[in-house]
Amino acid sequence: MTLTELEKTIYSLFEALEEEIPGFQNSPEDWDICEGNVAICIISENGKVYGKLYGTDKIRQREIYRIAWQKASQVWITGHNTGDYEKIVFGGNMDPEDSLIELPDLIGWVGGQHVQLDDESRIYVGFSGFQGFNDIGIVQTALKKIKKKK
């Protein structure tokens with residue numbers, strides 16, 4: 001995928017997410033977390049960072065984006081989705097001292113995932129603002145939506 005195609009896909013993902021967000025804000029648990037503010041951070045394989053903030057509270061968006069960036073960067077560094085990497089580190093499959101991420105900095109929350117866009121292109125995505133399973137789900141739902149349009 002060329003850089004232009006990659007960026008077009010990323011911006012299409014941002015648009016698709018904007019359409020999906022209201023449907024994911026229906027549960028009180030999600031509303032309590034985000035108060036209407038969510039964020040996505042995407043890192044390309046070469047380290048270029050893309051991001052988008054949704055909502056109206058800039059201070060809350062700043063904190064939520066920091067978490068989204070932490071999720072995306074952990075996946076970019078380790079190659080493992082957040083939550084899965086912690087299981088490897090603390091589940092006896094790795095000496096925690098050998099972790100690529102220093103132990104106090106492991107995010108631990110679900111919501112960071114790698115996404116294979118085509119045979120050669122992968123992005124590392126962190127979404128934050130909802131419950132972890134919804135952070136994963138909204139990105140997957142938006143990706144399916146943009147793939148249908150192609």
Side-chain angles (χ1 to χ4, degrees), residues 1-91 99-101 105-150:
M1 186 175 285
T2 68
L3 179 60
T4 303
E5 292 169 328
L6 176 66
E7 289 185 346
K8 183 178 178 187
T9 299
I10 289 169
Y11 293 125
S12 294
L13 178 57
F14 291 163
E15 290 173 11
L17 282 168
E18 192 158 358
E19 295 171 8
E20 294 298 319
I21 289 168
F24 279 81
Q25 290 179 324
N26 291 335
S27 76
E29 295 86 2
D30 285 322
W31 185 259
D32 288 346
I33 295 169
C34 73
E35 299 173 349
N37 300 282
V38 296
I40 186 167
C41 177
I42 298 173
I43 304 175
S44 68
E45 289 187 282
N46 68 357
K48 188 167 182 180
V49 178
Y50 304 84
K52 178 86 171 126
L53 308 171
Y54 305 88
T56 58
D57 183 337
K58 291 180 181 177
I59 301 301
R60 188 78 181 114
Q61 289 173 337
R62 179 178 185 254
E63 176 59 21
I64 289 172
Y65 185 80
R66 182 191 61 78
I67 295 167
W69 173 83
Q70 196 170 1
K71 290 176 180 181
S73 64
Q74 180 172 309
V75 176
W76 180 64
I77 291 166
T78 67
H80 296 279
N81 292 353
T82 57
D84 294 345
Y85 186 70
E86 289 74 9
K87 289 176 187 171
I88 293 168
V89 172
F90 298 116
S99 172
L100 296 171
I101 307 287
D105 292 335
L106 284 174
I107 188 70
W109 297 318
V110 174
Q113 59 187 309
H114 55 73
V115 175
Q116 192 74 40
L117 296 174
D118 61 19
D119 290 342
E120 58 196 39
S121 302
R122 178 181 284 201
I123 56 175
Y124 304 88
V125 180
F127 189 90
S128 188
F130 299 136
Q131 298 172 81
F133 63 90
N134 281 335
D135 287 345
I136 293 286
I138 193 169
V139 170
Q140 290 299 315
T141 300
L143 282 166
K144 286 177 189 170
K145 195 174 196 176
I146 64 173
K147 285 181 182 179
K148 279 186 180 180
K149 289 182 179 179
K150 286 186 174 182

Check the pair I40, I138 against side-chain contact (heavy atoms from CB on, under 4.5 Å), reporting the backbone distance first and the verdict last.
CA-CA 11 Å; I40 186 167; I138 193 169; over 6 Å; no
Test side-chain contact (heavy atoms from CB on, under 4.5 Å) on I21 and F130 and set out the steps.
CA-CA 10 Å; I21 289 168; F130 299 136; 4.1 Å; yes
Check step by step if side-chain contact (heavy atoms from CB on, under 4.5 Å) holds for V110 and N81.
CA-CA 8 Å; V110 174; N81 292 353; over 6 Å; no
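Considering all non-hydrogen atoms of both residues, A72 and G126 come closest at CB-N, 3.4 Å. The shortest heavy-atom contact between S44 and W76 is O-NE1, 3.3 Å. The heavy-atom pair separating S128 from I67 by the smallest distance is OG-CG2, 3.4 Å. Residues E20 and T141 approach most closely at OE1-CG2, 3.4 Å, considering heavy atoms.
Using a cut-off of 4.0 Å between Lys/Arg side-chain N and Asp/Glu carboxylate O, R60 and E63 are scored as not salt-bridged.
Side-chain N or O atoms of E86 include none that pairs as donor or acceptor with a backbone N or O of W109 at under 3.5 Å. Within the 3.5 Å criterion, the main-chain N or O of F14 finds a donor-acceptor partner in the side chain of Y54. At least one donor-acceptor pair closer than 3.5 Å links the side chain of Q61 to the backbone N or O of G55.
Contact check for V115 versus L13: no side-chain heavy atoms found under the 4.5 Å cut-off. By the 4.5 Å heavy-atom criterion applied to side chains, L17 and K52 are not counted as neighbours. When side chains are defined from C-beta on, V75 does not count as touching V125, because their heavy atoms never get closer than 4.5 Å.
To the nearest 0.5 Å, the span separating SG on C41 from CD1 on I64 amounts to 14.0 Å. Remark: L53 CG to T56 OG1 distance equals 11.5 Å, nearest 0.5 Å. A distance of 11.0 Å separates CD1 in I42 from CD in E7, rounded to the nearest 0.5 Å. In this structure, N37 CG and R62 CZ are separated by 14.0 Å, a value rounded to the nearest 0.5 Å. From T82, atom OG1 reaches atom CZ of F127 across 13.0 Å, with rounding to the nearest 0.5 Å. Distance NZ/K48 to CG/L3: 5.5 Å, rounded to 0.5 Å.
Shown here are the side-chain contact (heavy atoms from CB on, under 4.5 Å) partners of S99, two or more places apart in sequence or in another chain: Y85, V89, M94, I101, L103, L106. Not counting sequence neighbours, E5 has no partner by the salt bridge (charged side-chain N to carboxylate O under 4.0 Å, His left out) test.
For residues 111-136, the set of pairs meeting the salt bridge (Lys or Arg N to Asp or Glu O under 4.0 Å) definition, not counting sequence neighbours, comprises K71-D135.
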